[in-house]
Amino acid sequence: MSEFTLPDMSCGHCVAAITAALKALDPQAKLSFDLPAHRLQVEGGAQSEAALALALSEAGYPPA
């Protein structure tokens, strides 16, 4: 499991955009969002943490 802190994630639109970006990379990934804490957990072994971080950054939500 990978965990990311995403300071720019603040609403349901953010969750939808992040979900779309990561599911495009790994359709089997399981995502758990903690919106108030700006945290995302990703379960799924198909992609490296670096690849996930790059996809998040490209979607406009760079991990802190």
Side-chain angles (χ1 to χ4, degrees):
M1 178 181 348
S2 299
E3 186 169 320
F4 300 96
T5 299
L6 306 173
D8 296 329
M9 180 179 71
S10 61
C11 66
H13 175 267
C14 299
V15 169
I18 291 165
T19 299
L22 295 184
K23 289 289 189 172
L25 188 65
D26 182 358
Q28 302 303 317
K30 293 180 184 160
L31 310 178
S32 299
F33 293 91
D34 182 346
L35 204 50
H38 303 279
R39 261 185 250 136
L40 165 65
Q41 290 183 331
V42 182
E43 279 188 70
Q47 297 296 327
S48 69
E49 194 164 310
L52 294 170
L54 179 60
L56 289 166
S57 294
E58 288 176 349
Y61 301 94

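Worth knowing before you read on, the calculation uses all heavy atoms, side chains too, and leaves out hydrogens, waters and symmetry mates. These numbers come from a predicted model, not from an experiment.
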Contact between Leu56 and Pro62 at the side-chain level, heavy atoms closer than 4.5 Å - yes or no?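 The answer is no, as the side chains (C-beta and beyond) never meet within the 4.5 Å cut-off.
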
Distance check, rounded to the nearest 0.5 Å: [X] atom [atom1] versus [Y] atom [atom2]?
X	Y	atom1	atom2	answer
Met1	Glu49	CE	CD	11.5 Å
Gln47	Asp26	CD	CG	5.5 Å
Leu40	Ser2	CG	OG	9.0 Å

Taking all atoms of both residues into account, what is the closest heavy-atom pair of [X] and [Y], and its distance?
X	Y	result
Thr5	Pro7	O-CD, 3.4 Å
Ala29	Val42	CB-CG1, 4.2 Å
Tyr61	Cys14	OH-CA, 3.4 Å
Ala21	Ala55	CB-O, 4.3 Å

Between Lys30 (side chain only) and Gly44 (backbone N and O only), is there a donor and an acceptor less than 3.5 Å apart?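 No, the answer is negative, given that no donor and acceptor are paired below the 3.5 Å cut-off.
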
Using a 3.5 Å distance criterion without hydrogens, assess whether the side chain of His38 forms a donor-acceptor pair with backbone atoms of Met9.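 Side chain of His38 to backbone of Met9: a pair is present.
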
Are Leu54 and Leu22 grouped together when hydrophobic residues (ILVMFWY) are joined by side-chain heavy atoms under 4.5 angstrom apart?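 No, no single cluster joins them.
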
